[in-house]
Amino acid sequence: MSGTNEDYIRRLKNDGHTKLLKEIDAGEITVYRAAIAAGYRKRKKTNSMAEHLTYHWRRSSEKEKIRFIAGNLFTLAPMVDQVVKERRALQAQKSQK
């Protein structure tokens, strides 16, 4: 099994998990959560909030990312500026060596 949503849905049907399938159809849970509830996979544990954010960022659509950035622009902008300054300083140090 390769672990795709189709694989999990097929397995849920074969194993008689009708309640979980109904919850998926109703949009109450995701296929991923149903697979965890059925014991087909374990929940991925993240070591830090940064890893958690990165995990979800990579899976977000462009529209969701834009909505997030627009909603958090005043918080993000100073942080991005700081990161850019630090990276430039690092590059300057490397080029001097």
Side-chain angles (χ1 to χ4, degrees):
M1 173 179 288
S2 62
T4 65
N5 283 351
E6 292 80 19
D7 292 330
Y8 289 128
I9 289 173
R10 186 178 321 106
R11 192 167 172 194
L12 288 167
K13 286 178 184 176
N14 290 341
D15 293 346
H17 291 284
T18 54
K19 182 178 183 259
L20 291 173
L21 290 165
K22 286 178 185 177
E23 289 176 7
I24 292 169
D25 289 340
E28 296 171 3
I29 63 170
T30 62
V31 175
Y32 173 78
R33 286 195 186 255
I36 292 170
Y40 301 153
R41 64 177 300 162
K42 293 181 182 177
R43 171 173 241 142
K44 181 181 177 190
K45 294 181 182 177
T46 56
N47 294 330
S48 69
M49 184 58 74
E51 288 179 12
H52 183 74
L53 291 169
T54 300
Y55 175 85
H56 289 287
W57 179 265
R58 289 182 179 156
R59 285 153 184 80
S60 300
S61 68
E62 184 176 339
K63 187 176 180 179
E64 290 170 323
K65 289 175 182 177
I66 289 169
R67 194 174 91 214
F68 175 81
I69 291 169
N72 295 283
L73 188 59
F74 293 111
T75 304
L76 292 172
M79 291 179 187
V80 171
D81 288 341
Q82 182 63 35
V83 170
V84 169
K85 286 177 188 173
E86 289 172 5
R87 296 286 170 122
R88 285 183 180 156
L90 241 134
Q91 288 296 324
Q93 287 176 353
K94 288 182 181 179
S95 64
Q96 290 176 356
K97 291 182 179 181

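When a residue number appears, it is its place in the shown sequence, counting from 1. Keep in mind that the numbers below use all heavy atoms, side chains included, and drop hydrogens, waters and symmetry copies. Quick caveat: nothing in here was measured; it's all calculated off a predicted structure.
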When you group the ILVMFWY residues by side-chain heavy-atom contacts below 4.5 Å and let the links chain together, are Leu90 and Val83 in the same group? no
How long is the straight-line distance from CD1 of Ile66 back to CD of Glu62, given to the nearest 0.5 Å? 4.5 Å
Beyond-backbone contact of Arg58 with Thr54, side-chain heavy atoms, under 4.5 angstrom: yes
Are there over 12 heavy-atom neighbours, none belonging to Arg87, within less than 6.0 Å of that residue's CZ? no
In Å, rounded to the nearest 0.5 Å, how long is the span from NZ of Lys65 to CZ of Arg59? 10.5 Å
Hey, mind stepping through Thr30 and Ile24 against side-chain contact (heavy atoms from CB on, under 4.5 Å) and telling me if it holds? CA-CA 6 Å; Thr30 62; Ile24 292 169; over 6 Å; no
For the hydrophobic clusters of this structure (ILVMFWY residues joined by side-chain heavy atoms under 4.5 Å, transitively), does one cluster hold both Leu76 and Trp57? yes
Identify each donor-acceptor pair in which a side-chain atom of residues 14-22 lies under 3.5 Å from a protein atom, sequence neighbours left out, and give them as a table.
{"residue": "Asn14", "atom": "ND2", "partner": "Arg10", "partner atom": "O", "Å": "3.4"}
{"residue": "Asp15", "atom": "OD2", "partner": "Tyr40", "partner atom": "OH", "Å": "2.6"}
{"residue": "Lys19", "atom": "NZ", "partner": "Glu23", "partner atom": "OE2", "Å": "3.1"}

Report the distance from atom CZ of Arg67 to atom CG of Asn72, rounding to the nearest 0.5 Å. 10.5 Å
Are Leu53 and Met49 close enough, and set up right, to give a side-chain contact (heavy atoms from CB on, under 4.5 Å), and what steps lead you there? CA-CA 6 Å; Leu53 291 169; Met49 184 58 74; 4.2 Å; yes
For Ala92 and Ser95, which heavy atoms make the closest approach, and how far apart are they? O-OG, 2.9 Å
